[in-house]
Trainee: 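Have a look at this one before I ask anything.
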Amino acid sequence: MYALVDCNNFYASCERIFNPGLIGKPICILSNNDGVIISRSDEAKDLGITMGQPAFFIKELIADNNVYVFSSNYALYGDMSQRVMDTLVQFTPTIEIYSIDEAFLSFKGLEYYDLQAHGQTIRETVKRNTGIPVCVGIAPTKTLAKIANRLAKKRMENKGVFVISTASEIEDALTSTNISDVWGIGSQYAEFLNRHGINTALDYAKAPEAWVKKYLSVVGLRTRNELSGIPCIAFEDQVEDKKNIATTRSFGDIQTEIGPISEAVATFAGACAEKLRKQHTCASTLTVFIHTNQFRTQDKQYARNRVMQFPVATNSSLELIKYAQIGLKSIFKKGYKYKKAGVIVSGLVPDSQVSGTLFDEVNRSAHKRLMTALDEINTTFGREKVRVASQGFDRSWKLRQERLSPNYTTKWNEILTINV
DNA sequence: TCTGGGGTCCTAGGACCC
DNA sequence: TCTGGGGTCCTAGGACCC
């Protein structure tokens, strides 16, 4: 059996913990650049605010209903996530941290006679230790645990825990789940399946295997079989190295000159380099891209990317920045209003297995010492204390974050003070 | 009349997730 | 005025090889 523990309205709940005046009030969290809604409290959901909605579309709704709106504060959410996961680890040694706000727990080898009660214990412990409300779904496969979690959230009479175990419980759960609500079935597949008369999870579980494989590939087939209670999706409790690393951002304001964009791209490349060094890998390929604002159809549109292969895989900020800026230069064209840029590194290899070339022109050991020093300083004194000059200082491109809450848990000078 | 066949590697694109 | 960011996996098709 697996449990899926999923935090309720995670970002909104994080904001609420440190600002109890927000309890019972509608709260929304915005994406980077204060663009779209990415988390809502139940009260905000009741107002009809949906995921992914551009904030400026619902300006009036927000004003009329006194909705509290926050920029996303990832330092805070990341820290709270860590606390939740630390609590969950106490319940089982095998845990798969699936995202910032959810984790699968495996109960393999553990005997629980009352899964409902066990789920309650997990739920109450997380709430007591962290203040974050969670729901727990328990079932024989990960896909069914997802469904169980959804039902736990929907059916309040179950007090946040829902168990799917017997054949008839599976059938009941599948009957009351729309195909579009199944984990692994996105909007494209849902529409396709609806066209073929498959509307519920139960319909899908009964669809012929060969047909499913033909049109939804082996991924869709795994999902189908998981719905019948056959585990097909591996439980991944080992943290694997990432295979691609990206840093991409929209600009706070439109950019038309190469100067600020070049600084932005240098900063993104530097961020990728840091992430590479953190997981001890080097990249063999770098992609840099820029594009205009696709929503402004009245503007001329332009989008390009450039892929560059390195002679020797690297995680040096200096090298990655150099390549990113060369790449940018080759795709930048004057006369467009640029909205977004990004750097993606791939072809990652462990840094211990980097093979050099005979004519390597880079002093790798010097780079390595410099990067180690840079990482140490930035770890000790805070992010980006030391920067590569080409990353710029005025930063006219930086994103908007107008409604940021304090870093209650990660910065001493922003810690919560209580007057007694 | 008949035009080799099978394997591997790589990439682009499309689907999905939170 | 204002529309996110960071990932994964699979498949099809082309290049290449023997």
Trainee: Does any part of the side chain of A/T281, heavy atoms only, come nearer than 4.5 Å to the side chain of A/V349, both counted from C-beta?
Mentor: no
Trainee: How close or far is atom P of C/dG5 from atom CD1 of A/I38, stated in whole angstroms?
Mentor: 10 Å
Trainee: Could you pull out all residues at least two apart from A/R403 that satisfy salt bridge (Lys or Arg N to Asp or Glu O under 4.0 Å)?
Mentor: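 Salt bridge (Lys or Arg N to Asp or Glu O under 4.0 Å) list for A/R403, sorted by chain: empty.
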Trainee: Considering residues at least two apart in sequence or located in another chain, which fulfil the side-chain contact (heavy atoms from CB on, under 4.5 Å) criterion with A/V67?
Mentor: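 Once residues adjacent in sequence are excluded, the partners of A/V67 under the side-chain contact (heavy atoms from CB on, under 4.5 Å) criterion are A/P26, A/C28, A/L47, A/I49, A/I62, A/N65, A/V69.
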Trainee: Name the atoms and distances for all side-chain donor-acceptor pairs under 3.5 Å in residues 205-212 of chain A, with sequence neighbours left out.
Mentor:
none

Trainee: Take N1-N3 plus N6-O4 or O6-N4 for Watson-Crick, N1-O2 plus O6-N3 for G-U, both under 3.5 Å. Which runs of 3 or more such pairs involve DNA chain B?
Mentor: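 For DNA chain B the paired stretches long enough to count as stems (3 pairs minimum) are B:5-18 with C:5-18.
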Trainee: What's the CG-C1' distance between A/D299 and C/dC2, to the nearest Å?
Mentor: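 After rounding, the gap between these two atoms is 13 Å.
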Trainee: When the aromatic ring centroids of A/F104 and A/W183 are compared, is their separation below 6.0 Å?
Mentor: yes
Trainee: Answer yes or no: is there a side-chain heavy-atom contact under 4.5 Å between A/P231 and A/K142?
Mentor: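 Counting from C-beta outward, A/P231 and A/K142 never come under 4.5 Å.
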Trainee: Between C/dC17 and B/dG4, how far apart are the two C1' atoms, rounded to whole Å?
Mentor: 14 Å
Trainee: Give the C-alpha distance, both sets of side-chain angles, the deciding distance and a yes or no for salt bridge (Lys or Arg N to Asp or Glu O under 4.0 Å) between A/E43 and A/R16.
Mentor: CA-CA 13 Å; A/E43 298 78 6; A/R16 206 173 246 175; 3.0 Å; yes
Trainee: Which residues satisfy the salt bridge (Lys or Arg N to Asp or Glu O under 4.0 Å) test with A/K242, sequence neighbours excluded?
Mentor: none
Trainee: Are A/Y215 and A/F192 near enough that their ring centres are under 6.0 Å apart?
Mentor: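 Yes, the ring centres sit under 6.0 Å apart.
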Trainee: Take the protein atom NZ of A/K243 and the nucleotide atom C1' of C/dC9, then report the distance between them rounded to whole Å.
Mentor: 8 Å
Trainee: Near DNA chain C, which residues from residues 279-298 of chain A have a heavy atom under 4.0 Å away?
Mentor: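 Result for residues 279-298 of chain A: A/N293, A/F295, A/R296, sorted by number.
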Trainee: Are A/N293 and A/K340 close enough that some pair of their side-chain heavy atoms sits under 4.5 Å apart?
Mentor: no
Trainee: Just grab all the salt bridge (Lys or Arg N to Asp or Glu O under 4.0 Å) pairs involving residues 270-285 of chain A, residues at least two apart or on different chains.
Mentor: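 Sorted pair list: A/R277-A/D375.
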Trainee: With the threshold set at 4.0 Å, does a side-chain nitrogen-carboxylate oxygen contact exist between A/R364 and A/E319?
Mentor: yes
Trainee: Aromatic rings A/Y77 and A/Y11: how do their planes relate, parallel, tilted or perpendicular, breaks at 30° and 60°?
Mentor: parallel
Trainee: Between A/K153 and A/D6 (salt bridge meaning N to carboxylate O under 4.0 Å), is one present in this structure?
Mentor: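 The answer is yes: the pair qualifies as a salt bridge.
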Trainee: Can you sort out the partners of A/D299 under side-chain hydrogen bond (donor to acceptor under 3.5 Å, both in side chains), two or more places apart, ordered by chain and number?
Mentor: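 Applying side-chain hydrogen bond (donor to acceptor under 3.5 Å, both in side chains) to A/D299 gives A/R296.
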Trainee: Touch check for A/N32, heavy atoms < 4.0 angstrom, all strands: base, sugar-phosphate only, or nothing?
Mentor: sugar-phosphate
Trainee: Sugar-phosphate atoms are those with a prime plus P, OP1 and OP2; base atoms are the rest. Using that split, label each nucleotide of nucleotides 10-18 of chain B B, S or - for protein heavy atoms under 4.0 Å, 5' to 3'.
Mentor: -----SSSS
Trainee: For the residue pair A/G197 and A/D203, what are the closest heavy atoms and their distance?
Mentor: O-OD2, 3.9 Å
Trainee: Could you identify which residues of residues 54-93 of chain A place a heavy atom less than 4.0 Å from some atom of DNA chain B, listed by residue number, or say none?
Mentor: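 Nothing qualifies; none.
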Trainee: Is it true that A/E102 and A/K146 make a salt bridge, defined as a side-chain N closer than 4.0 Å to a carboxylate O?
Mentor: yes
Trainee: Going by number, which of residues 225-235 of chain A have a non-hydrogen atom under 4.0 Å from DNA chain B?
Mentor: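 Nucleic-acid contacts, sorted: none.
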Trainee: Could you tell me which non-hydrogen atom of A/I29 sits nearest to which non-hydrogen atom of A/S72, and how far apart they are?
Mentor: CG2-CA, 3.9 Å
Trainee: Could you pick out which residue, A/I254 or A/K242, lies toward the 5' side of DNA chain C when each is mapped onto its nearest nucleotide?
Mentor: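 So the residue in question is A/I254.
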Trainee: Counting only non-hydrogen atoms, which of residues 325-351 of chain A are less than 4.0 Å from DNA chain C?
Mentor: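 The stretch gives A/K339, A/K340 as the residues lying under 4.0 Å from the strand, ordered by number.
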